[in-house]
Peer 1: 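Below is the structure I would like to discuss, written out as structure tokens.
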Amino acid sequence: MDCCPSVKNILLLDSEGKRVAVKYFSDEWPTNNSKLAFEKALFAKTLRTNARMEAEIVMFQDNIVVYKFVQDLHFFVTGGDHENELLLAAVLQGFFDAVTLLLRNSVDKREALENLDLIFLCLDEIVDQGIILETDPSVIAGKVAIHSMDGAAPLAEQTISQALATAREHLTRTLLT
């Protein structure tokens, strides 16, 4: 796929290099063992860097990897060696910022594991089969909030974004009828 910018994988690992949430879009790693080996080697390569404030970029196994660490979570986006680093960095930042919004600024392993469904929905909104769909964190978080919303829940038990989405949905239905 040379026509569109694409992503080979998006990884969210913990501070020990263990999987929290990963999604692969390339056949470059055909087995689970090859994926785990890639994650382990990438984690070892980037462990000693200080990617806390800004994203870092590294060439790794003929791939461009953009990564960022926050608390006990390590965010990675991998693209081919021909991909634009700035676009991969935008995907990483969009993913990180959307997760931050969805986890209400409490970005750590415990919160991530408790909200794994939101993180996977987030990945689905950002990339589809390797093609980058969206990098705007507020758009990503908004779509995830709508997907994950339980419309049957009483308004008092919904988050503000869920309540706004419910109100928007009701208003749209009213205007269309």
Side-chain angles (χ1 to χ4, degrees), residues 1-103 107-109 111-137 139-141 143-144 147-148:
M1 274 199 209
D2 293 334
C3 63
C4 300
S6 62
V7 169
K8 290 186 175 185
N9 64 45
I10 299 178
L11 311 173
L12 180 57
L13 307 178
D14 68 11
S15 58
E16 297 172 359
K18 304 276 190 282
R19 286 180 172 181
V20 175
V22 300
K23 201 128 192 203
Y24 283 81
F25 310 102
S26 167
D27 322 355
E28 195 169 318
W29 304 276
T31 66
N32 194 47
N33 283 343
S34 63
K35 292 173 183 172
L36 289 169
F38 175 79
E39 293 163 21
K40 182 178 180 180
L42 179 60
F43 181 79
K45 167 116 177 144
T46 59
L47 184 60
R48 302 271 180 249
T49 61
N50 185 18
R52 297 226 176 255
M53 300 309 276
E54 292 182 22
E56 296 286 331
I57 300 171
V58 66
M59 279 297 290
F60 182 72
Q61 297 179 357
D62 295 326
N63 293 299
I64 297 171
V65 181
V66 184
Y67 60 98
K68 182 175 188 161
F69 306 153
V70 178
Q71 302 287 350
D72 53 356
L73 293 175
H74 296 218
F75 293 76
F76 298 90
V77 173
T78 305
D81 60 1
H82 60 280
E83 293 298 339
N84 182 322
E85 295 91 349
L86 294 175
L87 192 54
L88 295 175
V91 171
L92 175 75
Q93 196 63 47
F95 178 44
F96 170 75
D97 289 345
V99 168
T100 301
L101 286 169
L102 291 165
L103 300 183
V107 182
D108 59 34
K109 182 181 175 182
E111 281 294 320
L113 290 172
E114 287 177 6
N115 295 285
L116 210 48
D117 57 333
L118 298 179
I119 290 173
F120 278 110
L121 283 171
C122 198
L123 291 173
D124 290 341
E125 291 297 334
I126 297 170
V127 176
D128 184 22
Q129 298 179 4
I131 304 298
I132 300 164
L133 301 175
E134 184 63 66
T135 60
D136 184 323
V139 171
I140 297 163
K143 288 181 178 179
V144 168
H147 285 306
S148 64

Peer 1: Show, in sequence, the C-alpha distance, side-chain angles and deciding distance for Phe76 and Phe43, and conclude whether the ring pair (Phe, Tyr, Trp, His ring centres under 6.0 Å) test is met.
Peer 2: CA-CA 9 Å; Phe76 298 90; Phe43 181 79; 7.4 Å; no
Peer 1: In sequence, state the C-alpha distance, the side-chain angles, and the governing distance for Ile64 and Ile57, and then conclude on side chain to side chain contact (heavy atoms under 4.5 Å, CB included).
Peer 2: CA-CA 7 Å; Ile64 297 171; Ile57 300 171; 3.9 Å; yes
Peer 1: Between the side chain of Asp108 and the main-chain N/O of Glu111, is any donor-acceptor distance below 3.5 Å?
Peer 2: yes
Peer 1: Kindly say whether Thr49 contributes a backbone atom to a donor-acceptor pair with the side chain of Glu56 at under 3.5 angstrom?
Peer 2: no
Peer 1: Which value, rounded to the nearest 0.5 Å, describes the distance between Lys143 atom NZ and Leu121 atom CG?
Peer 2: 12.5 Å
Peer 1: Atom CG in Leu42, atom CG in Leu47: separation rounded to 0.5 Å?
Peer 2: 10.5 Å
Peer 1: Should the pair Asp14-Arg19 be classified as a salt bridge under the 4.0 Å nitrogen-to-oxygen rule?
Peer 2: no
Peer 1: On a heavy-atom basis, which atom in Gly80 and which in Asn63 lie closest, and how many Å separate them?
Peer 2: CA-OD1, 4.1 Å
Peer 1: Counting only heavy atoms not in Asn32 (residues, nucleotides, ligands), do more than 12 fall under 6.0 Å from its CG?
Peer 2: yes
Peer 1: Could you go through Leu113 and Val20, starting from their C-alpha distance and side-chain angles, then the distance that decides it, and tell me whether this counts as side chain to side chain contact (heavy atoms under 4.5 Å, CB included)?
Peer 2: CA-CA 7 Å; Leu113 290 172; Val20 175; 4.0 Å; yes
Peer 1: If only atom types and distance count, is the side chain of Glu134 paired as donor or acceptor with the main-chain N or O of Asp136 below 3.5 Å?
Peer 2: yes
Peer 1: From Asn115 CG over to Phe120 CZ, what is the distance, rounded to the nearest 0.5 angstrom?
Peer 2: 12.5 Å
Peer 1: Which atoms form the tightest heavy-atom contact between Ile140 and Gly94, and what is the distance?
Peer 2: CD1-O, 4.0 Å
Peer 1: Give me the atom names and distance for the closest heavy-atom approach of Phe95 to Cys122.
Peer 2: CD1-SG, 4.0 Å
Peer 1: Aromatic contact between Tyr67 and His74, with the criterion being ring centroids under 6.0 Å apart: yes or no?
Peer 2: no
Peer 1: Could you tell me the separation between the NZ atom of Lys18 and the NZ atom of Lys40, rounded to the nearest 0.5 Å?
Peer 2: 8.0 Å
Peer 1: Could you tell me if Lys68 sits above the aromatic ring of Phe75, with its cationic atom closer than 6.0 Å to the ring centre and no more than 45 degrees from the axis?
Peer 2: no
Peer 1: Donor-acceptor pair, distance only, cut-off 3.5 Å: does the side chain of Asp72 make one with the backbone of Lys109?
Peer 2: yes
Peer 1: Identify the heavy atoms of Asp128 and Leu133 that sit nearest to each other, and give their distance.
Peer 2: CB-CD1, 3.5 Å
Peer 1: So, does Tyr24 use its side chain to make a donor-acceptor pair with the main chain of Lys35 at under 3.5 Å?
Peer 2: yes
Peer 1: As a quick check of understanding, evaluate side chain to side chain contact (heavy atoms under 4.5 Å, CB included) for Lys45 and Phe60, giving each step before the final call.
Peer 2: CA-CA 8 Å; Lys45 167 116 177 144; Phe60 182 72; 3.7 Å; yes
Peer 1: Which atom pair, heavy atoms only, marks the closest approach of Ala112 to Leu73?
Peer 2: CB-CD1, 4.0 Å
Peer 1: How far apart are the C-alpha atoms of Ile126 and Thr135, what are their side-chain angles, what is the distance that settles it, and do they pass the side chain to side chain contact (heavy atoms under 4.5 Å, CB included) test?
Peer 2: CA-CA 6 Å; Ile126 297 170; Thr135 60; 5.5 Å; no
Peer 1: Rounded to the nearest 0.5 Å, what separation is found between the CD atom of Gln71 and the OG atom of Ser15?
Peer 2: 10.5 Å
Peer 1: Between Val22 and Glu39, is any pair of side-chain heavy atoms under 4.5 Å apart?
Peer 2: yes
Peer 1: Specify the closest pair of heavy atoms between Cys4 and Ile131, including all atoms of both residues, with the distance to one decimal.
Peer 2: CB-CD1, 4.0 Å
Peer 1: For Val65, run the side-chain contact (heavy atoms from CB on, under 4.5 Å) check against Val58, Leu11, Leu88 and tell me which one passes.
Peer 2: Val58
Peer 1: So how far is it from Asp124 CG to Ile119 CD1, rounded to the nearest 0.5 Å?
Peer 2: 12.5 Å
